[in-house]
Amino acid sequence: MHPFIAADKQLARLLVACLLEYSKIQYGDTSASLQYQSKSVSWCIIRIRHMVNVSRHQNRDDSVIEKRIQELITKLNDDISHQRLSADKVCDFLDRSLLLIDAKLGPALITRLITASIKIRGNGPVVSPRFLQRLVGSSTANDVWAIYKSWPDDIKLELWKSHPEILRVELLNHLDLQKENNKPKDLDSLYGSLVKVLGRDRQVCQHAFKIIADALLKFENWRVFRVGWYLVRELLQGMSQVLNR
């Protein structure tokens, strides 16, 4: 069992629950020592002890994991510069990097892998279905989405082109914020930069039009309609200027 599993709190909780369910320890003699337990119980207890030890070690000195992550980033940069990594391998690393998201350098590792995937993916996807699901998950405390929000526009645009699901969540978040907004603000200051990024790619624009149209039918809210119409109007104007050049 890899020790990094214990670095992800949610995964560690799920794994402990599975181990306890598998061992059925609650139905055995909890007062007996480990050597007198059944093989399934002793096997599970040993694994849980290993996880607890890793967790305690991490709490005492996070520098150990941070040092390992920095080494991973350094090796990753070297492998990328020498073209030793395939797109599939980078996507696999991205999935594994989710285990380290709570570490201080975890976001830096994920960001470096994303930029690497964009660079070498060709016509393939930037991220795997597993990573995508974690990114666009509905959790209010979505840690991966928080990292995504810190990325520059160039990275976001590449993700939107490869995965329209991400663009959908991005736009719906903007529209959803306006449902209860009773104080209309200047839309240029709120969404001007978003429109400029969307307008850099025709395919992304087309996806945006459909997402916005579906949202207007769903929300039936004048505040959302106001923002949606602004986005569509500005995008159409931007596309018209590009075509007339």
Decide yes or no for L109 and Q70: does some side-chain heavy atom of the first lie under 4.5 Å from some side-chain heavy atom of the second?
no
Taking 4.0 angstrom as the limit, do D154 and R200 come out as a salt bridge?
yes
With a 3.5 Å distance limit and no angle check, can you tell me whether H163 reaches the backbone of V127 through a side-chain donor-acceptor pair?
yes
Inter-residue atom distance S128.OG - D92.CG, 0.5 Å rounding
8.5 Å
Would R84 and D78 pass as an ion pair if we require N to O under 4.0 Å?
yes
Please check: side-chain N/O of S117 versus main-chain N/O of I114, any donor-acceptor pairing under 3.5 Å?
no
Hey, what do you get for CH2 (W151) to CG (L159), rounding to the nearest 0.5 Å?
6.0 Å
Side chains of P129 and L132, heavy atoms from C-beta outward: is any pair under 4.5 Å?
no
From V144, I110, T111, residue fulfilling side chain to side chain contact (heavy atoms under 4.5 Å, CB included) relative to S97
I110
Is it the case that the side chain of E66 and the backbone of K104 share a donor-acceptor pair, with hydrogens and angles ignored and the cut-off at 3.5 Å?
yes
Which atom names give the shortest non-hydrogen contact between V232 and I212, and what distance separates them?
CG2-CG2, 3.9 Å
State whether D214 and R168 are salt-bridged, where the test is any N-O pair (Lys NZ or Arg NE/NH1/NH2 against Asp/Glu carboxylate O) under 4.0 Å.
no
Check the angle between the aromatic planes of H174 and Y191 and answer parallel, tilted or perpendicular using the 30° and 60° thresholds.
perpendicular
Could you state the interatomic distance from NZ (K218) to CD1 (I211), rounded to the nearest 0.5 Å?
12.0 Å
Would you mind reporting whether E158 and K161 have side-chain heavy atoms less than 4.5 Å apart?
yes
When every non-hydrogen atom of S162 is compared with those of G124, the smallest separation belongs to OG-O, 4.1 Å
Shortest non-hydrogen pair, C91 vs P125, comes out as SG-O, 4.2 Å
For F93, the ring-ring contact (aromatic ring centres under 6.0 Å, His included) test, sequence neighbours excluded, returns none
Are any non-hydrogen side-chain atoms of L171 and L198 less than 4.5 angstrom apart?
yes
Would you say that more than 12 heavy atoms from the other residues, nucleotides or ligands in this model lie under 6.0 Å from the CZ of R96, or not?
no
Would you mind telling me which of K210, Q206, H207, Q203 makes a side chain to side chain contact (heavy atoms under 4.5 Å, CB included) with P164?
H207
Supply the atom-to-atom distance Y230 OH to E234 CD, rounded to the nearest 0.5 angstrom.
4.5 Å
Kindly indicate whether the side chain of F209, heavy atoms from C-beta on, has any atom under 4.5 Å from the side chain of L231.
no
More than 12 heavy atoms from other groups under 6.0 Å of CD on E71
yes
Which distance, rounded to the nearest 0.5 Å, do you find between the CG of L216 and the CZ of F225?
6.5 Å
W145 side chain reached by I166 side chain, heavy atoms, under 4.5 Å:
yes
Whether the E170 and Y148 side chains hold a donor-acceptor pair (N or O, under 3.5 Å, no angle test) is what I'd like checked.
yes
Would a 4.5 Å heavy-atom cut-off, applied to side chains only, mark T115 and R112 as touching?
yes
Indicate the atoms forming the closest heavy-atom contact of L175 with G228, along with that distance.
CD2-N, 4.0 Å
Considering all heavy atoms of both residues, which atom of G199 and which atom of C205 are nearest to each other, and what is their separation?
CA-SG, 3.7 Å
Could you tell me which non-hydrogen atom of L167 sits nearest to which non-hydrogen atom of A208, and how far apart they are?
CD2-N, 4.0 Å
Rounded to the nearest 0.5 Å, how far apart are CD1 of I118 and CG of L113?
11.5 Å
Hey, are the side chains of L105 and L100 touching, using non-hydrogen atoms and a 4.5 Å cut-off?
no
